[in-house]
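All remarks here apply to the structure that follows.
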There are 2 protein chains.
Amino acid sequence: MILQHYAPNLSRAAVSCKNCCLSEFCLPTGLNATELEQLINIIHRSPSLPRGKHLFKIGDPIQSLYAVRSGSVKVYVPTEPGEEQVLGFILPGEFLGFDGIEAQHHTCAAVPLETTTVCELPYDRLEELCHALPAVDSRIHKLIGKEITGDHEMLILLGKKTAEERLATFLLSLSVRFKQRGFSERDFNLSMSRHEIGNYLGLAVETVSRIFARFQDEGLISVNRRYVEILAMDELKKLVGDCPMDETCARVREAP
Amino acid sequence: MILQHYAPNLSRAAVSCKNCCLSEFCLPTGLNATELEQLINIIHRSPSLPRGKHLFKIGDPIQSLYAVRSGSVKVYVPTEPGEEQVLGFILPGEFLGFDGIEAQHHTCAAVPLETTTVCELPYDRLEELCHALPAVDSRIHKLIGKEITGDHEMLILLGKKTAEERLATFLLSLSVRFKQRGFSERDFNLSMSRHEIGNYLGLAVETVSRIFARFQDEGLISVNRRYVEILAMDELKKLVGDCPMDETCARVREAP
DNA sequence: CAGGTTTGTTGATCCAGATCAATACAAACG
DNA sequence: CGTTTGTATTGATCTGGATCAACAAACCTG
């Protein structure tokens, strides 16, 4: 997956999209060769970012939109001193930085949970490109739309679901997203702590731990610290109410 | 506020922005005369919509972006049969319909809570306009950004706040929004039921009712059914944790 | 305006999940 | 290799808000 030794005199960015195994989920989807070429010209690839080294903090002026290449990023809002509300975990091929378009500065913070690389799209150049290339503009709109529907699903989770449903939803969301990216949907390592999971799902750490144990007792999963194996996918799906994360809540349209 | 008797041979839409008392919060903000003219050309003004007559339902193909002119609209997702999750209440000068940009169909439903009029911006024509006029595009991006930061504030509310904090936050949010629009910030009528408030805030109806009563006992507010008077604004603000709704969580930027 | 329906209030009880507390375990380090 | 430090599990207890239940007040609608 490390492509730096190819064609070292091409710009690094130029290599990144065309050979990137994530490109089908990422920005390039639906762009033709010319459009892609122009998009590639504005992308920077970040060096490897260590765990804990913030991409941005709350109040920072917005510079760029980011796509995760490898690793994972936690997006959160600091609340009380020493407290935070986790808003999401961003996996490879997913985006962050849409917050703060309104105020021109970030309204949340983003920090890698493990060694992470990202692609960076400077906002000013991206905006020009959006105005020049409708296809890019539409693609960005789609990504923003995904952000909004994702938030809505989270509101349903926090407003309505029980602790068990929340954790089942969370695990299945990860499973689906890993699968889409060519990783195993059945077993994976969590890059976030129990504390962070609980915070994200509106639960106490102890509750997360207990429900992991319960799921294990019931034979749904097998957990060892951060390593999770899903043993009974269907049973787990049954636990989730409607609207599993990251799936469209398709519904028969009622006649008006 | 009803302007229909002015200049009856101008197009209704042309009248609507230039004389509309909401225009400073609405789309036209920051547009010059030429841009405004073009924007006005694509706007339709809806007839008066009665309470309960949906603007759109889940699964409907997306047609338009809507701005509320008068009245109020509930946005919600149907969950279990007979159940719903309220995502927001849209007041005059505010927008709805950003959901479903991703999937090209709506992922939630919108219904007036009272007699309501809206301005309708057909997506296809709006998109063309966005590509032609960067200023309009930027304005739309800002509105979408507001949608996202608003959702984030809701996630904090549902993830962290107590019932009292939730209701105080809700009342102050309405107060601020009414004030911005030239209405009283101290007293107003709620267009939504206790049930809908509870659903929105992740609380049972009974809890909402009880906390209204408690706030009244403590002299913070006076409530009679849907009519609310805020008696001690400062006290109410103290009850809200950080991040009151609809205010930017401005924070001193930490050095990196 | 009687009778039904929807909406809101208030009281009594219950429970899911928080909080408190103690222990276990793993990685990090001198 | 013991010690420290952060992270995870497990048990015991507590509580905010849900749920259940009864009633009251407004608003239909014929």
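These numbers were taken from a predicted model, which means no experiment stands behind them. The sequence lines fix the lettering, A, B, ..., with proteins before strands; numbering per chain opens at 1.
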- Message: Could you go through B/Ser46 and B/Thr117, starting from their C-alpha distance and side-chain angles, then the distance that decides it, and tell me whether this counts as side-chain hydrogen bond (donor to acceptor under 3.5 Å, both in side chains)?
- Response: CA-CA 6 Å; B/Ser46 79; B/Thr117 54; 5.5 Å; no
- Item | Length of the line joining A/Arg194:CZ and D/dG6:P, which is rounded to integer Å | 18 Å
- Task: Mind calculating the distance between CG (A/Leu113) and C1' (D/dT7) to the nearest angstrom?
- Result: 15 Å
- Task: For B/Arg166 and B/Lys161, indicate whether the former's side chain and the latter's backbone hold a donor-acceptor pair under 3.5 Å.
- Result: yes
- Task: Please state whether the phosphate of D/dA26, meaning OP1 or OP2, lies under 4.0 angstrom from any side-chain nitrogen or oxygen of B/Arg226.
- Result: no
- Message: Just to verify, which of A/Thr116, A/Val68, A/Leu55 counts as forming a side chain to side chain contact (heavy atoms under 4.5 Å, CB included) with A/Ile90?
- Response: A/Val68
- Message: Quick check for you: among C/dT7, C/dT19, C/dT9, whose closest atom lies nearest to any side-chain atom of A/Glu206?
- Response: C/dT19
- Item | Whole angstrom value for the distance that separates P of C/dA18 from CG of A/Leu158 | 12 Å
- Message: I'd like to check the ring-ring contact (aromatic ring centres under 6.0 Å, His included) partners of A/Phe98; sequence neighbours left out, ordered by chain and number.
- Response: none
Can you give me the N/O atom pairs linking the protein to nucleotides 23-26 of chain C at distances under 3.5 Å, or say none if there are none?
none

- Task: Apply side chain to side chain contact (heavy atoms under 4.5 Å, CB included) to B/Ala232 and list each qualifying residue two or more places apart in sequence or on a separate chain.
- Result: B/Leu220, B/Glu235
- Query: Over how many whole Å does the gap from B/His195 atom NE2 to D/dT19 atom P extend?
  - Reply: 11 Å
- Task: Assert yes or no for the condition that the ring centre distance of B/Phe188 to B/Phe183 is strictly below 6.0 Å.
- Result: no
Which protein N or O atoms sit under 3.5 Å from an N or O of nucleotides 14-17 of chain D?
residue, atom, partner, partner atom, Å
D/dG17, OP1, B/Ala163, N, 2.8

- Nearest-Å distance, CG (A/Asp217) to C1' (D/dT9)? 12 Å
- Query: C/dT7 P sits how many Å from B/Glu114 CD, rounded?
  - Reply: 15 Å
- Message: Using every non-hydrogen atom in the two residues, find where B/Tyr76 and B/His54 come nearest and quote the distance to one decimal.
- Response: OH-NE2, 2.6 Å
- Answer with yes or no whether B/Arg210 presents, from its side chain, a donor or acceptor under 3.5 Å of a partner atom in the base of C/dG11. yes
- Non-neighbouring partners of A/Thr115 that pass side chain to side chain contact (heavy atoms under 4.5 Å, CB included), sequence neighbours left out: A/Ser48
- All side chain to side chain contact (heavy atoms under 4.5 Å, CB included) counterparts of A/Glu120, not counting sequence neighbours: A/His44, A/Ser64, A/Tyr66
- Message: At 4.0 Å (heavy atoms only), tell me whether B/Ser193 reaches a base, stays on the sugar-phosphate, or touches nothing.
- Response: sugar-phosphate
- Task: Please state how far atom CZ in A/Arg51 lies from atom C1' in D/dG6, giving the value in whole angstrom units.
- Result: 10 Å
